[in-house]
Amino acid sequence: RDGIVVYDSTLSYLLWNPAMEEISGWRAEELIGKQAREVFPAMTGNGIYERLEMALRGETPPRQDFPYDFGPKRGVYSRLDAPLRDETGAIVGVITTVSEITDRKKAEAELLESKQFNQEIIASANEGIVVYDRDFCVRIWNPAMEELSGRSAAEVIGQNIFDLYPDFLESAVPQRLAEAVAGKTSVSNDFQLRHAGVESPVWLVARYSPHRNSAGDVVGVIAMVSDVTARKLAEDKLRKSEERYREILATLQDGYWEIDLEGRMSFFNEAVCEIYGRSRLELEGAGLAQFLSEEAKQRGATVFKQVLDTG
């Protein structure tokens with residue numbers, strides 16, 4: 001309920017309704033007939049008294065929020081002061097409506113603090129963070145994403161991601177975004193993104209999640225983007241090294257093989273085929289033990305156990 005206060009032309013109290021008693025902690029009988037400035041001298045320092053004088057001149061200042069300290073109670077209220085006129089239209093005082101908004105202002109402050117905190121997290125995150133609306137237009141493009149992409153937030157905010165990166169239309173990105181809008185979280189395969197003016201692309205992986213509002217409705221997509229270039233380069237280097245290693249082994253005249261933990265051959269060179277007189281198809285996945293003598297089996301079992309025990 002709104003508090004209602006009525007003043008006469010001298011700004012003495014004529015009415016202080018029950019809602020105002022509840023807001024302030026002051027009873028009407030303590031105030032009726034007394035001048036506002038006498039009871040609450042602080043009114044002259046916070047602009048309220050000036051609003052009352054404006055109303056006496058026929059003006060209605062806009063609704064405004066004020067912190068209050070009535071002694072028994074403290075908080076924030078919103079007030080609207082307007083001229084009070086008699087039946088002839090003459091101004092005979094002021095009528096004020098007061099809304100208690102302490103809880104609302106506290107909630108707004110907490111929300112603002114939460115938004116600021118979230119913005120600080122987004123800005124300081126090491127991972128790229130992109131927030132899309134339901135049309136896949138970019139709403140947030142954090143500093144880490146600027147570094148990964150070579151594009152500033154100012155360049156991309158408000159732009160459709162497929163206008164910025166047309167090649168994405170031929171990838172799994174449209175499907176991943178659509179799944180997130182449908183409420184599903186998914187992770188992309190590794191993909192490349194090229195900087196403008198940079199020869200080597202960066203390798204990225206993205207996690208797409210629904211972006212929900214306070215009501216739980218999906219309003220867009222949040223993408224967490226990680227740079228996996230170092231891993232991809234290491235994997236490529238290892239692959240090339242293994243290929244070179246196997247090329248060397250293939251040329252050896254001595255037999256060479258590798259077995260898994262079940263004793264089956266997982267790799268062998270051509271010399272092994274010649275030694276055992278078997279084709280590559282026959283040896284692939286075959287148990288090594290069937291080609292060994294009993295003595296060789298025992299020696300092999302001993303060595304195998306030592307490798308398992310010692311690593």
Side-chain angles (χ1 to χ4, degrees), residues 1-123 131 133 139-140 153-154 157-158 211-217 219-220:
R1 296 183 302 163
D2 284 346
I4 299 176
V5 182
V6 177
Y7 308 83
D8 65 16
S9 59
T10 67
L11 297 181
S12 295
Y13 291 106
L14 297 178
L15 175 68
W16 189 270
N17 78 336
M20 201 63 209
E21 290 182 323
E22 184 178 344
I23 291 171
S24 67
W26 286 74
R27 299 191 307 276
E29 57 264 31
E30 297 177 276
L31 302 173
I32 299 303
K34 296 181 180 179
Q35 284 196 325
R37 188 165 10 204
E38 173 190 342
V39 182
F40 303 113
M43 289 173 63
T44 58
N46 60 10
I48 294 177
Y49 203 80
E50 288 76 9
R51 291 172 59 88
L52 295 173
E53 291 179 328
M54 289 172 65
L56 286 176
R57 295 195 298 268
E59 303 174 49
T60 301
R63 180 175 286 274
Q64 188 174 346
D65 299 342
F66 290 93
Y68 67 79
D69 183 355
F70 288 117
K73 292 188 176 182
R74 298 177 177 85
V76 182
Y77 65 62
S78 174
R79 64 182 290 149
L80 179 65
D81 303 285
L84 177 65
R85 301 177 185 271
D86 63 15
E87 62 274 8
T88 68
I91 296 174
V92 295
V94 178
I95 183 168
T96 298
T97 57
V98 174
S99 300
E100 219 294 332
I101 59 171
T102 301
D103 290 342
R104 191 194 82 195
K105 296 297 284 187
K106 181 180 178 182
E108 288 175 351
E110 290 175 349
L111 178 60
L112 178 60
E113 182 178 349
S114 176
K115 286 182 177 179
Q116 290 174 337
F117 180 65
N118 289 340
Q119 289 172 352
E120 289 173 2
I121 291 176
I122 290 172
V131 178
D133 62 19
R139 296 306 175 199
I140 292 177
I157 297 297
H211 178 213
R212 301 181 186 272
N213 61 16
S214 57
D217 300 321
V219 295

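As the structure is a computational prediction, the values presented were derived from the model and not from experiment.
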Rounded to the nearest 0.5 Å, how far apart are [atom1] of [X] and [atom2] of [Y]?
X: Thr60; Y: Arg51; atom1: OG1; atom2: CZ; value: 9.5 Å
X: Asp86; Y: Ile91; atom1: CG; atom2: CD1; value: 10.0 Å
X: Arg1; Y: Met20; atom1: CZ; atom2: CE; value: 12.5 Å
X: Glu100; Y: Lys105; atom1: CD; atom2: NZ; value: 12.0 Å

Checklist entry - So does Lys73 have more than 12 non-hydrogen atoms from other groups sitting under 6.0 Å from NZ? => result yes
Item to check | Atom CD of Glu22: over 12 foreign heavy atoms under 6.0 Å | outcome: no
Under the side-chain contact (heavy atoms from CB on, under 4.5 Å) test, which residues partner [X], sequence neighbours left out?
X: Ile157; value: Val138, Trp141, Ala153
X: Leu31; value: Tyr13, Trp16, Trp26, Val39, Phe40
X: Glu29; value: Glu21, Arg27
X: Ala154; value: Ser152

Show me the donor-acceptor pairs within less than 3.5 Å that the side chains of residues 4-12 make with the rest of the protein, sequence neighbours left out.
residue : atom : partner : partner atom : Å
Tyr7    : OH   : Arg79   : NH2          : 3.4
Asp8    : OD1  : Thr10   : N            : 2.8
Asp8    : OD1  : Thr10   : OG1          : 2.7
Asp8    : OD1  : Leu11   : N            : 3.1
Asp8    : OD1  : Ser12   : N            : 2.9
Asp8    : OD2  : Thr10   : OG1          : 3.4
Thr10   : OG1  : Ser12   : OG           : 3.0

Checklist entry - Any donor-acceptor pair under 3.5 Å linking the side chain of Arg37 with the backbone of Tyr49? => result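 Here the side-chain-to-backbone pair does not exist.
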Next on the checklist: Can a donor-acceptor pair be found, under 3.5 Å and without considering hydrogens, that links the side chain of Arg57 to the backbone of Pro83?
Outcome noted: no
Item to check | Set of ring-ring contact (aromatic ring centres under 6.0 Å, His included) partners for Tyr68, sequence neighbours left out | outcome: Phe70, Tyr77
